[in-house]
Chemist: 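Take a look at the following structure, please.
The figures that follow rest on heavy atoms only: side chains count, while hydrogens, waters and symmetry mates do not.
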Amino acid sequence: MKRTVFLTIVAILFLNSHSCNQNNKRYDMGKYGYDKAFFEKHRIDFLELESEDGLSKILVVPAYQGRVMTSTAKGNKGNSYGWINYSFIEAGQQDPQFNVFGGEERLWLGPEGGPYSIYFGEGEEQVFENWVVPSLIDTDTFDILEQDSRSVRFSKSAVLKNVAGSEFSLSLERKLSVMAKEEVSEMLNIPVSDNIRMVAYESENTIMNRGSEAWTKEGGLLSLWMLCMFNPSPETTVFLPYREDTDGVIVNDDYFGKVPSDRLKVENGTVFFKIDGKHRSKIGIPPQRAKALCGSYDSGSKVLTLLWSSLPDEPMPYVNSKWGIQDDPYVGDAVNSYNDGPVDDGSIMGPFYEIETSSPAAVLMPGESLVHVQRVMHFEAEEVILAAMVYTLFDLDLKEIANKFK
């Protein structure tokens with residue numbers, strides 16, 4: 001009798017273990033279902049927003065400041081577009097400087113460096129050892145104000161201090177909404193055919209001055225800074241259109257040293273940036289040159305990523321996030337792209353790549369707000385279909401984009 005009971009228990013444990021293993025192996029790494037199972041396994045609460053057909057999904061983690069960790073256009077079996085730092089999350093330990101969770105779209109604040117930085121202490125040399133990301137945009141959980149199947153709205157309040165000693169009592173709001181094909185088609189002013197699988201979402205981000213004093217250029221200003229982390233590949237190229245009808249610098253390419261010419265090309269109204277996760281480099285487009293729509297193309301997986309951001313109608317100051325001494329703390333960039341790669345000791349954070357957008361500097365009286373809107377869109381289809389989209393939107397040849405650095 002005891003032997004029978006023992007064998008029954010063993011059989012049940014085996015079947016349960018086998019079932020769990022099968023569930024873990026159901027999706028390969030790189031698929032949305034794999035990432036969803038990863039967060040479930042590590043008991044990290046998340047929520048999903050999805051389209052009416054349930055195929056377009058975005059995965060959002062409130063504990064990571066309501067950031068979008070990843071998205072897909074084809075349900076659980078579809079490609080997962082966001083870069084996730086699995087090893088860091090699995091370790092379960094907090095980093096006192098910066099917690100590199102990853103994530104396809106997160107909210108930060110500028111400026112990172114300079115005389116009004118909020119990432120360094122007063123009087124500190126602006127070097128990596130002294131750099132600390134404020135907990136508000138690193139470890140704080142954002143509160144959910146409202147939620148349904150297609151949207152969610154978060155909020156968080158805090159007090160921050162910059163290196164000049166100015167104090168900011170502020171609140172942040174962040175609303176994420178899945179966009180339907182019809183909305184995307186209307187926004188881009190082109191048809192999005194049924195042969196295209198897509199996921200698109202809008203993030204509306206608001207900063208409010210909740211203090212009793214005005215925020216002024218003399219005391220330093222803040223900005224909303226959106227960073228999108230994606231998976232790099234040798235077949236990926238970022239393309240950033242720029243305005244040709246104005247003067248001034250087209251692209252700033254000295255964030256981490258001059259970008260080599262075989263990785264950066266400026267041609268006829270477009271900046272092309274090589275994305276392979278093998279050379280740490282960053283570029284930026286100044287606000288007077290920036291356009292609202294930019295993107296990247298991965299010719300290996302045939303994924304076109306577009307990113308739209310709100311730009312002001314009139315010239316406005318943008319905070320300068322470069323570390324150290326600055327000639328002007330209000331000549332920052334409106335659009336950036338970053339390609340990850342090894343640092344001096346050979347270590348690498350990712351690899352990943354980023355497309356970033358920023359709001360103007362928040363010159364706000366008490367009770368006033370500034371809003372920055374960003375829309376992220378991923379499209380999968382046959383190359384000829386994506387090529388037609390790119391030509392219509394940018395007057396660019398998709399094959400030329402794909403072969404720009406080959």
Chemist: Can you check whether Ser321's main-chain N or O pairs, donor with acceptor, with Asp333's side chain at less than 3.5 Å?
Modeler: no
Chemist: Can you name the closest pair of heavy atoms from Tyr119 and Ser117 and give their distance?
Modeler: N-OG, 2.9 Å
Chemist: Might you point out which heavy atoms bring Thr72 and Val199 nearest each other, and give the distance in Å?
Modeler: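 The answer is O-CB, 3.2 Å.
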Chemist: Under 4.0 Å between a Lys/Arg side-chain N and an Asp/Glu carboxylate O for Glu382 and Lys302?
Modeler: no
Chemist: Scan Phe38, Tyr64, Phe39 and name whichever one has a ring pair (Phe, Tyr, Trp, His ring centres under 6.0 Å) with Phe101.
Modeler: Tyr64
Chemist: Looking at Val159, is its backbone amide N or carbonyl O close enough to the side chain of Arg210 to form a donor-acceptor pair, meaning the two atoms are under 3.5 Å apart?
Modeler: no
Chemist: Which pairs would a plain distance check flag for residues 127-136, meaning a side-chain donor or acceptor within less than 3.5 Å of a matching protein atom at least two apart in sequence or in another chain?
Modeler:
residue : atom : partner : partner atom : Å
Asn130  : ND2  : Glu125  : O            : 2.8
Trp131  : NE1  : Glu112  : OE2          : 3.0

Chemist: Taking atom CG of Asn99 and atom OG1 of Thr139, what is their separation to the nearest 0.5 Å?
Modeler: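 That separation rounds to 6.5 Å.
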Chemist: If you look only at distance, which donor and acceptor atoms sit under 3.5 Å apart when one is on a side chain in residues 373-380 and the other is two or more places apart or in another chain?
Modeler:
residue : atom : partner : partner atom : Å
Gln374  : OE1  : Thr357  : OG1          : 2.6
Gln374  : NE2  : Glu105  : OE2          : 3.0
Arg375  : NE   : Glu202  : OE1          : 2.7
Arg375  : NH2  : Glu202  : OE1          : 3.0
His378  : ND1  : Thr305  : OG1          : 2.9
His378  : NE2  : Glu104  : OE2          : 2.9
Glu380  : OE1  : Lys74   : NZ           : 3.4
Glu380  : OE1  : Asn79   : ND2          : 3.4
Glu380  : OE2  : Asn79   : ND2          : 3.2
Glu380  : OE2  : Tyr81   : OH           : 2.5

Chemist: Check for me whether the distance between the ring centres of Tyr353 and Phe230 falls short of 6.0 Å.
Modeler: yes
Chemist: Can you tell me how far apart CG (Leu306) and CG (Leu293) are? Round to the nearest 0.5 Å.
Modeler: 5.5 Å
Chemist: Ile58 and Ser71: which non-hydrogen atoms are nearest, and at how many Å?
Modeler: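 In terms of heavy atoms, the two residues are closest at CG2-CB, 3.6 Å.
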Chemist: Restricting to non-hydrogen atoms, name the atom on Ala290 and the atom on Ala334 that form the minimum distance, rounded to 0.1 Å.
Modeler: CB-CB, 4.0 Å
Chemist: Where do Asn209 and Met365 land on the side chain to side chain contact (heavy atoms under 4.5 Å, CB included) test, with the steps shown first?
Modeler: CA-CA 7 Å; Asn209 178 356; Met365 297 294 290; 5.7 Å; no
Chemist: If you measure from the Lys or Arg side-chain nitrogens to the Asp or Glu carboxylate oxygens, is any gap between Asp327 and Lys322 under 4.0 Å?
Modeler: no
Chemist: Between Tyr338 and Trp83, does the ring centre distance come in under 6.0 Å?
Modeler: no
Chemist: Is Lys77 close enough and on-axis enough to Tyr27, meaning under 6.0 Å and within 45°, for cation-pi?
Modeler: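 Here Lys77 fails the 6.0 Å and 45° test against Tyr27.
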Chemist: Judged by atom type as modelled, is there a donor-acceptor pair below 3.5 Å linking the side chain of Arg289 to the main-chain atoms of Arg243?
Modeler: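 Yes, because the side chain of Arg289 sits within donor-acceptor range (under 3.5 Å) of the backbone of Arg243.
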Chemist: Verify, without hydrogens or angle tests, whether Arg174 (side chain) and Ser203 (backbone) share a donor-acceptor contact under 3.5 angstrom.
Modeler: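 No, the answer is negative, given that no donor and acceptor are paired below the 3.5 Å cut-off.
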Chemist: Say whether, by atom type as modelled, one donor and one acceptor occur between the side chain of Asp254 and the main chain of Gly257 under 3.5 angstrom.
Modeler: no
Chemist: Which residues pass the salt bridge (charged side-chain N to carboxylate O under 4.0 Å, His left out) test with Lys156, not counting sequence neighbours?
Modeler: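 Once residues adjacent in sequence are excluded, Lys156 has no partner under the salt bridge (charged side-chain N to carboxylate O under 4.0 Å, His left out) criterion.
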Chemist: Only counting residues at least two apart or in another chain, list the ones meeting ring pair (Phe, Tyr, Trp, His ring centres under 6.0 Å) with Phe273.
Modeler: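 If we apply the ring pair (Phe, Tyr, Trp, His ring centres under 6.0 Å) test to Phe273, skipping adjacent residues, there are no hits.
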Chemist: From Leu170 CG over to Leu370 CG, what is the distance, rounded to the nearest 0.5 angstrom?
Modeler: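 Rounded to the nearest 0.5 Å, the CG-CG separation comes to 12.0 Å.
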Chemist: Is Lys161 salt-bridged to Glu122, cutoff N-O under 4.0 Å?
Modeler: yes
Chemist: Counting distance only, does the side-chain N/O of Asn339 pair as donor-acceptor with the main-chain N or O of His279 below 3.5 Å?
Modeler: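 Checked: pair present.
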Chemist: Does the side chain of Pro286 reach to within under 4.5 Å of the side chain of Asn252, using non-hydrogen atoms?
Modeler: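 With C-beta onward as the side chain, the pair touches.
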Chemist: Quick one: does any side-chain atom of Ser56 pair with a main-chain N or O of Met198 as donor and acceptor, under 3.5 Å?
Modeler: yes
Chemist: Please, which pairs that meet side-chain hydrogen bond (donor to acceptor under 3.5 Å, both in side chains) have at least one residue in residues 390-406, sequence neighbours excluded?
Modeler: Glu267-Lys404
Chemist: Any chance you could lay out the side-chain hydrogen bond (donor to acceptor under 3.5 Å, both in side chains) test for Thr70 and Ser80, step after step, and finish with the verdict?
Modeler: CA-CA 6 Å; Thr70 192; Ser80 186; 2.6 Å; yes
Chemist: Roughly how far, to the nearest 0.5 Å, is CD1 of Ile283 from CG of Asn336?
Modeler: 8.0 Å
Chemist: Please determine whether the number of non-hydrogen atoms from other residues, nucleotides or ligands lying under 6.0 Å from atom CG of Asp328 exceeds 12.
Modeler: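 Correct, the count exceeds 12.
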Chemist: Hydrogens and angles aside, do Asp143 and Thr141 bring a side-chain donor and acceptor to less than 3.5 Å of each other?
Modeler: no
Chemist: Around Gln93, counting heavy atoms of other residues, nucleotides and ligands shown, do more than 12 lie under 6.0 Å from its CD?
Modeler: no
Chemist: Going by the salt bridge (Lys or Arg N to Asp or Glu O under 4.0 Å) test, which pairs reach into residues 292-301, not counting sequence neighbours?
Modeler: none
Chemist: Any idea which heavy atoms bring Leu176 and Gly66 closest together, and the distance?
Modeler: CD1-O, 3.5 Å
Chemist: Are any side-chain N or O atoms of Asn231 and backbone N or O atoms of Gly82, one a donor and one an acceptor, separated by less than 3.5 Å?
Modeler: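 Flag set: sc Asn231 to bb Gly82 pair under 3.5 Å.
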Chemist: Run Asn320 and Tyr116 through side-chain hydrogen bond (donor to acceptor under 3.5 Å, both in side chains) and show every step you take.
Modeler: CA-CA 9 Å; Asn320 188 345; Tyr116 305 121; over 6 Å; no
Chemist: Say whether, by atom type as modelled, one donor and one acceptor occur between the side chain of Gln65 and the main chain of Phe142 under 3.5 angstrom.
Modeler: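 Checked: no pair found.
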Chemist: Does Ser337 reach the main-chain N or O of Glu354 with its side chain, forming a donor-acceptor pair under 3.5 Å?
Modeler: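 Checked: pair present.
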Chemist: How far apart are the closest heavy atoms of Gln288 and Asp247, and which atoms are they?
Modeler: CG-O, 4.0 Å
